[in-house]
A.B. asks: 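Just dropping this structure here.
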Amino acid sequence: MTDLLKLRDQIDGIDREIVRLFEERMEICRQVAEYKIANGRKVLDRGRELEKLETLGSLAHNEFNRHGVQELFQQIMSMSRKLQYQLLEQEGVSGSLPFTQVEKIDRRHCRVVYQGVEGAYQHEAALQYFGEDVNIFHMDSWRGCMEAIKEGMADYAVLPIENSSAGEVNDIYDLLEEYENYIVGEQILKIDHALLGIPGTKLSDIRTVYSHPQALMQCSVYLEQQQGWKQAPVANTAMAARKVAEDQDRTQAAIGSVAAAKHHGLAVLKMPLNHNRLNSTRFIIVTNRRMYEKDAKKVSICFELPHKSGSLYNILSHIIYNDLNMCKIESRPIPEHNWEYHFFVDFDGNLNDSAVKNAVRGIMEEAVNFKILGNY
């Protein structure tokens, strides 16, 4: 035990020396940052860092220590960059983010587009967010909605991005990366799916059930209990309701909303069908303008990374170091690049916060094809 205590004392002494040297190094890094500010130099010099890591690794006496030294100094260099980003922000030379802060977005004097037909959940979400009197129209596809706001036909689009039971709507992530449109709000809609049929239909009459694939998935427990029912996917739940109403066939039923039933003159045969009674869908409000409300509380970004060890960790460290709470991360494959991905990250904050500016500036410098998707 005495020998162990002596060894621990020695480690404590070495650790104190490491802290002293670290602080000395960071002070010199501060001077480097001041030089870069004065001379308009970039913070990140990737070539210099890689050369330095190789040199430091060669000083170690075995392979294990070589790897450890390089990992240690990667973190030290990362701390140095974060310090420099902070100083750039404090000096006001980091450049402004290309977004305009507004008090509130105008929810009354605008045109809103959604995908589907009247009675769809997206229609309902749009009415909840913008009000019953909003000037609203629909398109056949999510891409059509993105095109509508890109071309100025609509001011805002309402798009589903996540369901608490079925998960993400992956196509929306791809469209957010593709188009220069931005998230300015979100609407959470509780989803209670109903089984809809023409009046007088009995459950024993039904042979085919139409609905959106995610709605079918969210009601899978109930549907699997029904013998002989065929599941037929369609573009959205309201279109399913419209088909059943138009065909007037008692062997057909749709899974959709009570609003869709009222709109198409259908009867609610059973509800709720979804096995998750807390089933909700998150809709995003998208526009072609780079703006955010003064009280926005969530930032969404996307980026690509080199396909190498530690690259994601290094990027996310900017969020951790600035004491921001990451609330979501998703990935989508990059077309024609096997096993490489776009990453989509949500974290709490406002683009006017210094911590958010520091984190965004660091990620922007070090990631590939970085984009702020919105602050809302």
Side-chain angles (χ1 to χ4, degrees), residues 102-139 141-146 148-149 154-173 175-176 179 181-194 212 214-215 218 235-238 256-260 262-263 272 274 276-300 327-328 330 344 346-351 372-376:
V102 297
E103 192 68 30
K104 289 288 183 183
I105 67 171
D106 187 353
R107 302 192 188 191
R108 294 180 300 172
H109 306 100
C110 59
R111 281 177 60 78
V112 178
V113 63
Y114 67 95
Q115 182 268 337
V117 295
E118 290 184 61
Y121 289 114
Q122 291 174 68
H123 182 219
E124 188 175 345
L127 295 180
Q128 284 195 17
Y129 188 85
F130 289 97
E132 295 287 336
D133 297 327
V134 68
N135 186 352
I136 192 168
F137 67 100
H138 58 82
M139 301 292 285
S141 67
W142 294 322
R143 180 175 292 276
C145 293
M146 294 296 261
I149 52 176
D155 299 299
Y156 302 100
V158 179
L159 303 169
I161 195 167
E162 178 183 13
N163 178 266
S164 58
S165 298
E168 293 67 38
V169 185
N170 290 325
D171 289 348
I172 300 299
Y173 282 102
L175 291 171
L176 285 171
Y179 282 83
N181 296 328
Y182 305 92
I183 307 170
V184 291
E186 66 179 359
Q187 179 69 45
I188 309 296
L189 184 67
K190 189 175 186 301
I191 305 295
D192 284 320
H193 290 307
H212 186 275
Q214 284 210 347
Q218 292 158 25
N236 60 59
T237 56
S257 66
V258 173
K262 291 179 180 178
H263 183 76
N274 38 286
N276 178 3
R277 292 296 185 258
L278 300 178
N279 186 33
S280 299
T281 295
R282 181 165 70 98
F283 295 84
I284 52 174
I285 315 303
V286 181
T287 184
N288 63 359
R289 286 167 286 172
R290 291 176 173 168
M291 64 180 185
Y292 64 100
E293 291 187 330
K294 183 178 180 180
D295 61 353
K297 296 179 174 62
K298 184 191 294 183
V299 179
S300 292
C327 40
K328 190 174 183 61
E330 297 293 336
F344 297 83
D346 294 349
F347 58 89
D348 294 335
N350 185 286
L351 289 178
I372 299 174
L373 297 174
N375 188 196
Y376 49 100

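Quick note: numbers below take in every heavy atom, side chains included, and nothing from hydrogens, waters or symmetry partners. If you're wondering where the values come from, they're calculated on a predicted model, not measured in any experiment.
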A.B. asks: Looking at side-chain heavy atoms only, is the closest gap between Val169 and Trp142 below 4.5 Å?
C.D. replies: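 SC-SC contact between Val169 and Trp142 confirmed.
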A.B. asks: Give a yes or no on whether Asp133 atom CG has more than 12 heavy-atom contacts from other residues, nucleotides or ligands under 6.0 Å away.
C.D. replies: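 Check fails, neighbour count at 12 or below.
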A.B. asks: How long is the straight-line distance from CD1 of Ile161 back to OH of Tyr173, given to the nearest 0.5 Å?
C.D. replies: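 CD1 of Ile161 is found 4.0 Å from OH of Tyr173.
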A.B. asks: With heavy-atom distances below 4.5 Å as the criterion, would you say the side chains of Val134 and Tyr129 are in contact?
C.D. replies: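 In short, these two side chains do not touch, never coming nearer than 4.5 Å.
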A.B. asks: Is a donor on one side and an acceptor on the other found under 3.5 Å between the side chain of His123 and the backbone of Gly119?
C.D. replies: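 Answer holds: yes.
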A.B. asks: To the nearest 0.5 Å, tell me how far Met291 CE sits from Leu351 CG.
C.D. replies: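 Reported to 0.5 Å precision, the distance equals 13.0 Å.
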A.B. asks: Which value, rounded to the nearest 0.5 Å, describes the distance between Tyr121 atom OH and Gln187 atom CD?
C.D. replies: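 Answer rounded to 0.5 Å: 15.0 Å.
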A.B. asks: To the nearest 0.5 Å, what is the distance between CG (Asn181) and OG1 (Thr287)?
C.D. replies: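 One gets 7.5 Å once the value is rounded to the nearest 0.5 Å.
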A.B. asks: Mind checking whether Ile172 and Glu162 have side chains closer than 4.5 Å, heavy atoms only?
C.D. replies: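 The answer is no; the side chains never approach within 4.5 Å.
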A.B. asks: Mind listing the closest non-hydrogen atom pair of Ala157 and Ile149 along with its distance?
C.D. replies: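 Smallest interatomic distance, heavy atoms only, reads N-CG2, 3.8 Å.
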A.B. asks: Is there any salt bridge (charged side-chain N to carboxylate O under 4.0 Å, His left out) pair reaching into residues 112-131, and which pairs are they, with sequence neighbours excluded?
C.D. replies: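 Residue pairs with at least one partner in residues 112-131: there are none.
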A.B. asks: Can you sort out the partners of Ser300 under side-chain hydrogen bond (donor to acceptor under 3.5 Å, both in side chains), two or more places apart, ordered by chain and number?
C.D. replies: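 With sequence neighbours excluded, Ser300 shows a side-chain hydrogen bond (donor to acceptor under 3.5 Å, both in side chains) to Asp346, Tyr376, given in chain and number order.
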A.B. asks: How many angstroms lie between CG in Asn288 and OH in Tyr179, if you round to the nearest 0.5 Å?
C.D. replies: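 One gets 12.5 Å once the value is rounded to the nearest 0.5 Å.
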A.B. asks: Are the side chains of Met146 and Leu159 in touch, meaning some heavy atoms are under 4.5 Å apart?
C.D. replies: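 Yes, at least one pair of side-chain atoms sits under 4.5 Å.
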A.B. asks: Any idea which heavy atoms bring Asn375 and Gly349 closest together, and the distance?
C.D. replies: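 Scanning both residues completely, I find the closest heavy atoms to be ND2-O, 3.1 Å.
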A.B. asks: Does any part of the side chain of Glu293, heavy atoms only, come nearer than 4.5 Å to the side chain of Val184, both counted from C-beta?
C.D. replies: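 Not touching, per the 4.5 Å side-chain cut-off.
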A.B. asks: If you measure from CG on Asn135 to CZ on Phe130, what distance do you get to the nearest 0.5 Å?
C.D. replies: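 Rounded to the nearest 0.5 Å, the CG-CZ separation comes out at 11.5 Å.
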A.B. asks: So do Leu373 and Ile284 actually touch side chain to side chain, heavy atoms under 4.5 Å?
C.D. replies: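 Answer no - side chains too far apart.
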A.B. asks: Specify the closest pair of heavy atoms between Val117 and Ala238, including all atoms of both residues, with the distance to one decimal.
C.D. replies: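 Residues Val117 and Ala238, closest heavy atoms: CG2-CB, 3.2 Å.
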A.B. asks: Within a reach of under 6.0 Å around CZ of Arg108, are more than 12 heavy atoms found that belong to other residues, nucleotides or ligands?
C.D. replies: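 Not more than 12 within 6.0 Å, no.
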A.B. asks: Taking the side chain from Ser164 and the backbone from Ser280, do they hold a donor-acceptor pair closer than 3.5 Å?
C.D. replies: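 Pair found, side chain donor or acceptor close to backbone of Ser280.
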A.B. asks: For Val112 and Ala126, work out which heavy atoms get closest and say how close.
C.D. replies: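 Closest pair (atom of Val112, atom of Ala126, distance): CG1-CB, 4.3 Å.
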A.B. asks: Applying ring pair (Phe, Tyr, Trp, His ring centres under 6.0 Å), can you list everything that pairs with Phe283, at least two apart in sequence or on another chain?
C.D. replies: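 Partners of Phe283 by the ring pair (Phe, Tyr, Trp, His ring centres under 6.0 Å) criterion come out as none, since no residue qualifies.
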A.B. asks: What pairs of residues pass the salt bridge (charged side-chain N to carboxylate O under 4.0 Å, His left out) test when at least one of them lies in residues 184-193, not counting sequence neighbours?
C.D. replies: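 Residue pairs with at least one partner in residues 184-193: Glu186-Arg282, Glu186-Lys298, Lys190-Asp192.
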A.B. asks: Could you list the residues that satisfy side-chain hydrogen bond (donor to acceptor under 3.5 Å, both in side chains) with Glu168, not counting sequence neighbours?
C.D. replies: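 Residues passing side-chain hydrogen bond (donor to acceptor under 3.5 Å, both in side chains) with Glu168: Lys328.
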A.B. asks: Checking Asn163 now: which residues fulfil side-chain hydrogen bond (donor to acceptor under 3.5 Å, both in side chains) with it, not counting sequence neighbours?
C.D. replies: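 Gln218, Asn279, Thr281.
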A.B. asks: Testing Gln214, His212, Gln122 for side-chain contact (heavy atoms from CB on, under 4.5 Å) with Thr237, which one passes?
C.D. replies: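 Result for side-chain contact (heavy atoms from CB on, under 4.5 Å) with Thr237: His212.
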A.B. asks: Are the side chain of Arg143 and the backbone N or O of Leu175 linked by a donor-acceptor pair below 3.5 Å?
C.D. replies: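 Here the side-chain-to-backbone pair does not exist.
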A.B. asks: Using atom types as modelled and distance alone, determine if a side-chain donor or acceptor of Asp155 lies under 3.5 Å from a backbone N or O of Arg111.
C.D. replies: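 Indeed, once roles are kept as given, a pair shorter than 3.5 Å links the two residues.
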